[in-house]
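Every value quoted in this text rests on a predicted model; they were computed, and no experiment measured them.
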Amino acid sequence: MSDQDTSRRRFLQAAGSATAAVALAGCSGGGDSTPTDEATETSGGGMETTSEPEETTERPEPDTRDGFLQRANRHTHEQAPWVFLHRQYSVYGQSSDIEWQPRTDERVSAYAIEPATDAGDDVVMTQSQMDSGLDPQDHRETPTDNIVLQAYEGLLERDREGAIVETLATDYQRLDETTVQFTVRDNVSFHSGDSLTPEDVAYSINRIVKSDVGIESPQVDQLLGVEGAEVASSDDRTVNVNLSGLNPIVFASFATYCDVMNKSWVESNDQAYINQNMEGTGPFVLSNYEQGVEVAFQRNNDYWDEPAAISTFTINSASESSTRVNRLLSGETDIAVNVPPQEVSRVENSEDASISAVPSTRVIFNAMRYDVEPFDSPTFRQAVNYAVDLDSIIENVLQTFGSATGQPTLEGFFGHNEDLDPYPQDLDRAEQLVEESGYAGAEIELVTPIGRYLKDVEIAQAVASQVDEIPNVSATARQVEFSTLVSQVTTGNIEDKPPWYLLGWGNATFDAIQTIQPLLASDGALTSYKNDELDRLLDEAQSLPSESN
């Protein structure tokens, strides 16, 4: 039996039901080998290993993009800029009034929901957080994605099987090494009635990647390597996108990012208005917005494709997981996001609700800022990893709703290094490394959001407790509102981030670059790390064609 099958069985046991709709794909529990590197500083400031000489800086250079990304993952494994934790599972409770299947990318599109009963025509979803504003290009978190995607659309998207499909583009092609072209769909209208034009598409791309167009978009590295766009020909509705280099994942990026906005609407309104109203082309139209409380949509009957199957879709929030489940079981909501393991049986035992779960594209980790003591020492960071018992956290905190990781890139993604295994718990080794780092006696604090990720607070408490078991380190956990943490990690300044914090990162491109670049490259928008060798590996990877897309 595979690890995947084992996880599925244990999940069903935890759920107390054999009928849970679980689509498990691409997850594993790691392997048997352990990191045994004896890390020492090289004269160049990098780390090399004494126990694995074949993995030193003398190892042959890769000759493929996959090879460079795997090398980048190895670098992060050895340098340990994170406490590597696990792949998150998305666990939903859903009412029997609707028919719906969750996606690995955590996106909940009401367009995919169908009513199963008469009561299923008006659907309500309760997630843990509300939005940070309705501007689709001025945020970086999934709760806001799940709100804006009901009204806004991009040029491309992915279907449930992961294939790239056209949305507002009817064709796309690479013209040369630094230019790609999209053909914009005709006969599409914004909710105001304005027609979609190639100029709207070019403007939307430039609004993300060019700070002088209107905003400093935090999504700029989601379109990594995109320098700008221009209308190629208004007659044939084509838009050319200019790239800084080969950009091997450009179409995968556009299949996930870049919602298209109405240029004239954006330019005629201030940012406060744009953050409280919506002007997209999507299958639902905003009908009511009460900031921090509720967002309500009604079906767009003039949608360019088939109208949605449901009439209305309302999103509200409750940070307490028990509140979300209570709303589901009382019939107040139809989808409860992030049902915790201890609540699964209660949902499954009800007559009107069930559990749907899927391994997501999100990795959960504890970032350690490289520029502050004691985390400026790779040896200390490795010690923290050796202190954590990942298997115990997954078994006892997550009740198997997770898979251990030892690198930023999840299994099944392009660039994943299958030779790397999670750090095993070894407190003696951890104590020794702390002594070697020169930071014996360190007192550290792990900052965690409340209720944003499945069992986030409990995971952070477990990590801090286990690190605190190192005899020469003291560790505690501190809770903050997710919005507070987001405001700290998205400023673009590493100094604004807590020295040690829990975060999750979803990557719907299924490519390593879209995790490592924004979070660990020196110029990443959310980076907590800086290393010339890692930057070089990423640059090399981006200069080569992708073997996957």
Backbone N or O of [Y] within a donor-acceptor pair of the [X] side chain at under 3.5 Å?
X	Y	result
Q514	F510	no
Q94	E99	no
T448	L502	no

Side-chain donor-acceptor pairs under 3.5 Å in residues 281-289, sequence neighbours left out?
residue, atom, partner, partner atom, Å
T281, OG1, E153, OE1, 2.6
S287, OG, A296, O, 3.0
Y289, OH, D131, OD2, 2.6

Using the side chain to side chain contact (heavy atoms under 4.5 Å, CB included) rule, pick out the option among T409, N73, L69 that qualifies with H416.
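Per the side chain to side chain contact (heavy atoms under 4.5 Å, CB included) rule, the option paired with H416 is T409, out of T409, N73, L69.
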
From the options V489, T484, V480, select the one residue that forms a side chain to side chain contact (heavy atoms under 4.5 Å, CB included) with V447.
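The passing option is V480.
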
Answer whether the closest heavy-atom distance between the side chains of V239 and Q181 falls below 4.5 Å.
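No; the side chains remain at least 4.5 Å from each other.
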
Chi angles and distances behind the ring-ring contact (aromatic ring centres under 6.0 Å, His included) call for F254, F182
CA-CA 10 Å; F254 275 102; F182 293 94; 5.0 Å; yes

Ion pair [X]/[Y], N-O distance below 4.0 Å:
X	Y	result
R65	D511	yes
K263	D194	no
R237	D186	yes

For residues 291-315, which residue pairs qualify under ring-ring contact (aromatic ring centres under 6.0 Å, His included), counting only residues two or more places apart or in two chains?
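Qualifying pairs: Y111-Y303.
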
Pick out which of E343, E320, R346 makes a side-chain hydrogen bond (donor to acceptor under 3.5 Å, both in side chains) with N326.
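Among E343, E320, R346, the one meeting side-chain hydrogen bond (donor to acceptor under 3.5 Å, both in side chains) with N326 is R346.
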
According to ring pair (Phe, Tyr, Trp, His ring centres under 6.0 Å), who are the partners of Y257, at least two apart in sequence or on a separate chain?
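None.
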
